[in-house]
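Numbers here simply count residues along the sequence, with the first being 1. Indexing begins at 1, ligand by ligand and atom by atom, following the structure's order.
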Amino acid sequence: MAGPREACGVFAIFGDDEAALKTYWGIFSLQHRGQESAGIAVVGPDGDVTVHKGMGLVTEVLRPEVEAARSGRAALGHVRYSTFGESTVINAQPLLMRTRFGPLALAHNGNVVNAPGLKAELERAGAVFQGTTDSEVLAHLIARSRREGVREALLESLGALQGGFAFGVLTRRQIFAARDPLGIRPLVLGRTDRGAVVVASETCALDTIGAHFEREVAPGELLEIGPEGVLSFRFAPVAPPMPCAFEVIYFARADSRIDGRSAHVGRRALGHRLAEEAPVPADVVVGVPDSSLPAAMGYAETAGIPFDFGLVKNRYIARTFIAPRQQDREMGVQLKLSAVPEVVRNRRVVLVDDSLVRGTTSRRLVQLLREAGAREVHMRIASPPYTHPCHYGIDTSRATELAARNMSVEEVRAMVGADTLAYLSLDGLKAALGEHRWCLACFGGGYPVPVPGVAEPATRA
Ligand code: SF4
């Protein structure tokens, strides 16, 4: 809840008579990944690609009855929170480019770390950029490729990108889907009972439209989904996936599975481990809704302390955290969450949150619990200190704003006003997430893809 903000969500479907409507529901279920803009591109019966998009939530920008009326059997949708590029409608996606391969719509989640260098090269070669997103860099690379077909142009262009990214591309004939060479950003493949093929940032979008999960899109893989079925190509060598650990900790919807691991089960395991590492005498365990509740339940189970709903969420405030000014964000917390006095009054409360990035939300939550009568507030964070900014598509703000980078644990405790504060250890995180390689860069675990201009350690063995 107090964690960083997600970048984007991508959804695409091929072979469904209601492609645009299914895409509407698909991106609706990915709304938690981005609330700034939403859009859907469809291939119409005339073979042209049209895009509806705008600033705001899916339900504010698009209407299901309008999408249902858009005929076409292939569509691509996107929800966005800007991590690179300004928050303006020109950066809303899908982007639509007219190329020698025909119209191309493009949607992207993540961050291309070498985009600034590629963009400068493209501009020197005469390319004109309309917006400021790195997605446009891929569009220009494809448009300028000398390769014969769009697939070859995509393979060449994707091979030039570095970072953590997942792309969906819609053409007149097919959709393409690609995942970065280490599989940092998520992308899954599914199928409906009627044979339509779906790709999505999370499995929850498959479930929403009644599609079955088939497999993860492999790191460095380009899928071409069209009349010939699902064809697989590689733009980078085979490598074991290294997904973003924060998807399990916070970003993904609790009912999604990240590289085979349920986000809900993973969060509960983090809570178990946290209780083993940082026990404290208390009367009740409270989690920050919604993403921290499984970790709080796990903590309570292992600690043998009752879990209760000491904080409740106002479900009708969805976008407070995109407020640009700090005072607006703090007011947003106040509007978004309330303490339940009957749960916390005169009690020693363990407050479990999934992450602590800036610390301003945590400070307000501790204050809310104290105002509701809590006798003690012990803050427990179900992830390690967040010390390094993410360069792979997650907005964690600048390094100077990261509380744990600039303060000791005791200083952070004093800042948030808790009686005690403890984080999960990095080893504890690895143990709870199980046998898998994870990107752990924001916890000081080393950047798995070097970031131009950033002198930080590479991934630790
Ligand atoms: S640096 Fe952190 S937030 Fe970014 S991809 Fe890696 S684990 Fe995820």
Proximal ligand 1 atoms for A441, defined as those under 4.0 Å from one of its heavy atoms: 1 (S)

Is atom 6 (Fe) of ligand 1 less than 2.8 Å from an N/O/S atom of C442, whether that atom is in the backbone or a side chain? no

Atoms in ligand 1 with a heavy atom of C244 nearer than 4.0 Å: 3 (S), 5 (S), 7 (S), 8 (Fe)

Going by heavy atoms, is R185 under 4.0 Å from ligand 1? yes

Which ligand 1 atoms are under 4.0 Å away from a heavy-atom of I184? 5 (S)

Ligand 1 contacted by A245 (non-hydrogen, < 4.0 Å): yes

Could you tell me the separation between the CG atom of L231 and the CZ atom of F176, rounded to the nearest 0.5 Å? 9.0 Å

First locate atom OG1 of T420, then atom CG of L351, and finally report the distance between them rounded to the nearest 0.5 Å. 10.5 Å

Can you say whether the rings of F246 and F251 are parallel (under 30°), tilted (30 to 60°) or perpendicular (over 60°)? tilted

Can you say whether the rings of F167 and F165 are parallel (under 30°), tilted (30 to 60°) or perpendicular (over 60°)? tilted

I'd like to know if atom 8 (Fe) of ligand 1 has an N/O/S atom from C390 within less than 2.8 Å of it, counting both backbone and side-chain atoms. no

How far does CG of D207 sit from CZ of F213, to the nearest 0.5 angstrom? 10.5 Å

Going by atom types alone, do Q367 and R364 pair a side-chain donor with an acceptor below 3.5 Å? yes

